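The structure presented is a predicted model; accordingly, all values stated were derived computationally and were not measured. Numbers restart at 1 for each chain; the letters A, B, ... are given by sequence-line order, proteins then strands.
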Amino acid sequence: MTETLNPEQLKAIKLINGPVLVYAGAGSGKTRVLTHRVVHLIQNGVAPEKIMAVTFTNKAAAEMKTRIKGLLGKTKSKLMPHISTYHSFCGMILREDIDRLGFSKNFVIFDQNDQLGIIKQVLGTLPAPKEGSEYKPKTVLSAISIEKSNLKTLAELKKRKDTFTKLVLVPVWEKYHTHLKQSQALDFDDMLVHTVELFQKFPDVLARWQERFKYILVDEFQDTNHAQYVITKMLGHKHRNVFIVGDTDQNIYSWRGASIQNLNQFEKDFRNAKVILLEQNYRSTQTILEVANKIISNNTRRRKKRLWTKNLKGESLIHYIAFDEHDEAGYVVDEIERLCRVENFKKADIAVIFRTHAQSRVIEDFLIRRSMKYHMVDSQRFYARKEVKDILSYLRVLYNPADNSSIQRVLNTPARGIGKVTENRIFEKSRNTGKPVFELLTNKRLLTEKIQKLTAPFVQVIQRLQNEYWDQEGKSKIPVWKLIERCIALSGYAAMLQSEGTDEALTRLENIMELMSIAKEDDESVSLGAFLNKMSLNTSDDEDSDSKGDAIALMTIHSTKGLEFPVVIMVGMEEGLLPHYQTQFDEELVEEERRLAYVGVTRAKQKVYFTSTNQRSIFGDTWYNETSRFIKEAPRQYIATFINERLLENNILRTRLKEDKVSFEVRSMQATPAPSKDKGEHKVVAVNVKKGDRVIHKIWGRASVSEVRGKGPDAIIKLKVGTEERTLLAKYAPLEVVRKR
DNA sequence: CCATTAAGCCTTTTT
DNA sequence: GGCTTAATGG
């Protein structure tokens, strides 16, 4: 195993005891070092269960587990190190002992939407703010979140004198946490805060975990916040075997409270820490590295380092200036198509990455129209779907009946004749008496007979589900996926969707099926609590079933962290998007945007494309953005610029390019038409349809594919048009795919 | 109480 | 430009 590692990497792997700090540049084999180190520890007599590794995402944790398992393969050790995110690690600790802090061990975790719902409601109860000084729920929530990440307490906030803290932050904070407590819920930040609290107040708990994990490894340390740092410090303090990997140039989460100060602090708190620098890059071509280095060198606040590589020089990076976002998307799909056809890349080699989620839609449209398979990494979105949240709410209510927010969500879904008035009465009563809503609903004396009658069906659904899931001893009788099936049956949710019969309802039903299949991936023994836990902490695990195929990856720059691709296409390289317009006037924020650009470029092994547009429509308005300063910062000789021929007439643009001394080539307009809102122009793409696709049939209109038998042009396709089923042959089917499953 | 329509807010990035 | 929320009438 040693021949693939350089001396610095080996040093990092072989320092068994004592604190180590590794500054690892992009593509310097950081994951390899981490995994090999874990294996090395085990091979040198450290018990696997004494090792813990913390990663930034669930995906990264899963990846590391797989790789360690692979390396350990021969030794056949059954026990594995504990590898997870900070949040799930804290979840594990809190499930054991949080009752000592006066919380229920059955706590649920509220995600951002849950939180926003509460904040909105709380803001409504506050005295009306002065005209123009209202705060958005999101702003308030993020303020609370940052304070908690820094382990600030309510008492500390109360000492502050500014109006925002006095009039908004403190009152909202108080009411928000009352609400959480009543619902027996924690938010993400609470998980960290309470873990620290538990460690501070109960030395025996801390001691237990210090003994449990004598070796600690942390990845992406530049993106940890203060609370996470404190947890690491407390846990590692005893044995001091703390191994930290980070790169200040890849700090892209400071908006969430992450601070590279933690790296400096680590050197102070663990005085004799060995510091190792990994500067050899194994990923990218020399040209790509040159560009990345040049861009990041414009940041003032950084620890200087210079990545180098023995890799080949490679090709110039390409910058295409598109007419608008449709032309940009057209260029992207044309180029992907060419890369696959002429240069023998696979779709899975290519990533299209962007600053904001909103940019993905147009690209997706074009990919769908070309029947190009893609895989959207949209962590939150699946779980943000109404139907998925509804079902999870049902499960949460039966797991933790004190969860008022979830009850509110599904009490009248499907419709049970419980309107706003009734709902308000019940929740008002709950707030006034401090009793959980579910208790009110089950106790005859607490609510009027009329309300009891209205809500009885809901209560019955919950109780029946509880009975079907748990036996007398509290053991589960059926797997979670089965419970979901029973849930949509008993609650009438499935019936509600089926009776609607619209395409949309069908999609919703399919999303619930998707949720079931996510549950099915688990071992049958995984409990409801563990499933819900995973669902709230989880973002990744994104349809793994489907992503195995050859598909283009679409994601935000933030979610590319830790990944690499032969080809990276960065779209929307414009002032206003990258750097984002909300950061443009704050140099510190612009530096973070520059780090984002750097992270994006350094994901690439062989090829980088930048695209920008001359005009782009953003919520109805047309924006004329200049090319991103980050492209201008790159060495000109390494960027080949192409512009859309329609832009030749654009004098302003030509002047700009001249001023910047950019020479360019013209690219003629492509055959790809802008996605017309179906004006009778339907392409024959039926050859590639899959079960579950939404399509438009030239004659019958909107339909969904219920079955595909066989492959290629001769496949037999069954379509569901309204309630009717139709059969047709793929090669003659005048279909346009609207939405891929 | 619910379905349809009008208004309005939105788009940074995620555990 | 699209999706969620508020208002309105049935």
**Report entry** Taking every non-hydrogen atom, the tightest pair across A:V410 and A:D390
**Finding:**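 The answer is CG1-O, 3.4 Å.
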Selected nucleotide, minimal atom distance to [X] side chain, candidates [options]:
{"X": "A:Y581", "options": "B:dT13, B:dT11, B:dT15", "result": "B:dT11"}
{"X": "A:H558", "options": "C:dG1, B:dT14, B:dT11", "result": "B:dT14"}
{"X": "A:H357", "options": "B:dC10, B:dT11, B:dT13", "result": "B:dT13"}
{"X": "A:Q582", "options": "B:dT15, B:dT11, C:dG2", "result": "B:dT11"}
{"X": "A:H580", "options": "B:dT15, B:dT11, B:dT14", "result": "B:dT11"}
{"X": "A:K120", "options": "B:dT11, B:dT15, C:dT5", "result": "C:dT5"}

For the residue pair [Y] / [X], report whether a side-chain donor-acceptor contact shorter than 3.5 Å exists.
{"X": "A:Q615", "Y": "A:T622", "result": "no"}
{"X": "A:N262", "Y": "A:T224", "result": "yes"}
{"X": "A:T66", "Y": "A:E63", "result": "no"}
{"X": "A:D187", "Y": "A:Y176", "result": "yes"}
{"X": "A:D324", "Y": "A:N614", "result": "no"}
{"X": "A:Q222", "Y": "A:E220", "result": "yes"}

Query - A:Q228 (side chain) donor-acceptor with A:L192 (main chain) under 3.5 angstrom - result: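 Flag not set: sc A:Q228 to bb A:L192 has no pair under 3.5 Å.
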Query raised in the report: So, does A:R595 use its side chain to make a donor-acceptor pair with the main chain of A:N251 at under 3.5 Å?
Result: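 Judged by distance alone, yes, a pair lies under 3.5 Å.
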**Report entry** Full working for ring pair (Phe, Tyr, Trp, His ring centres under 6.0 Å) between A:Y253 and A:F56
**Finding:** CA-CA 11 Å; A:Y253 286 92; A:F56 198 71; 4.7 Å; yes
Requested in this report: Would you mind classifying the nucleic acid contact of A:Y86 as base, sugar-phosphate or nothing, using non-hydrogen atoms under 4.0 angstrom?
Outcome: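 The answer is nothing, as A:Y86 stays clear of every strand by at least 4.0 Å.
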Report task. Please work out if A:K561 contacts a base, only the sugar-phosphate, or nothing of the nucleic acid, heavy-atom cut-off 4.0 Å. Result ->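 It contacts nothing in the nucleic acid.
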Spacing of [X] atom [atom1] relative to [N] atom [atom2], expressed in whole Å:
{"X": "A:E364", "N": "C:dG2", "atom1": "CD", "atom2": "P", "result": "13 Å"}
{"X": "A:I618", "N": "C:dG2", "atom1": "CD1", "atom2": "P", "result": "14 Å"}
{"X": "A:F354", "N": "B:dT13", "atom1": "CZ", "atom2": "P", "result": "10 Å"}
{"X": "A:W623", "N": "B:dT11", "atom1": "CH2", "atom2": "P", "result": "13 Å"}
{"X": "A:I146", "N": "B:dT15", "atom1": "CD1", "atom2": "C1'", "result": "13 Å"}
{"X": "A:L577", "N": "B:dT11", "atom1": "CG", "atom2": "P", "result": "14 Å"}
{"X": "A:H87", "N": "B:dT14", "atom1": "NE2", "atom2": "C1'", "result": "9 Å"}
{"X": "A:K138", "N": "B:dG8", "atom1": "NZ", "atom2": "P", "result": "20 Å"}

Requested in this report: For the pair A:D111 and A:K389, find out whether any cationic side-chain nitrogen is under 4.0 Å from an anionic carboxylate oxygen.
Outcome: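 A:K389 and A:D111: not salt-bridged.
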Query - A:R361 and A:E364 ion-paired at < 4.0 Å - result: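 Salt bridge: no.
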Establish, with yes or no, whether the OP1 or OP2 oxygen of [N] is under 4.0 angstrom from a side-chain nitrogen or oxygen of [X].
{"X": "A:R361", "N": "C:dC3", "value": "yes"}
{"X": "A:S559", "N": "B:dT14", "value": "yes"}
{"X": "A:T556", "N": "B:dT14", "value": "yes"}

Query raised in the report: Got a sec, which residues hit side-chain contact (heavy atoms from CB on, under 4.5 Å) with A:A519, two or more places apart in sequence or on another chain?
Result: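 Here the qualifying residues are A:V480, A:W481, A:I484, A:F531.
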Query raised in the report: Is it true that atom CD of A:E588 has more than 12 heavy atoms of other residues, nucleotides or ligands lying nearer than 6.0 Å?
Result: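 No, not enclosed.
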Listed pairs, N/O of protein and of nucleotides 1-5 of chain B, under 3.5 Å:
from  : atom 1 : to     : atom 2 : distance (Å)
B:dC1 : OP1    : A:G419 : N      : 2.9
B:dC1 : OP1    : A:T422 : OG1    : 3.0
B:dC2 : OP1    : A:G417 : N      : 3.3
B:dC2 : OP2    : A:N412 : ND2    : 3.4

Requested in this report: Specify the residues of residues 588-600 of chain A, ordered by number, for which at least one heavy atom lies under 4.0 angstrom from an atom of DNA chain B.
Outcome: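 Those residues: none at all.
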Please write out the pairs of protein N or O atoms and N or O atoms of nucleotides 8-10 of chain C separated by less than 3.5 Å, giving the distance to one decimal.
none

Query - With sequence neighbours excluded, residues passing side chain to side chain donor-acceptor pair (under 3.5 Å) with A:Q184 - result: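 Per chain and number, A:Q184 pairs via side chain to side chain donor-acceptor pair (under 3.5 Å) with A:S104.
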Query raised in the report: Could you write out DNA chain B as a dot-bracket string, with dots for unpaired bases, | for bases paired across to another strand, and Watson-Crick or G-U pairs counted at under 3.5 Å?
Result: |||||||||......
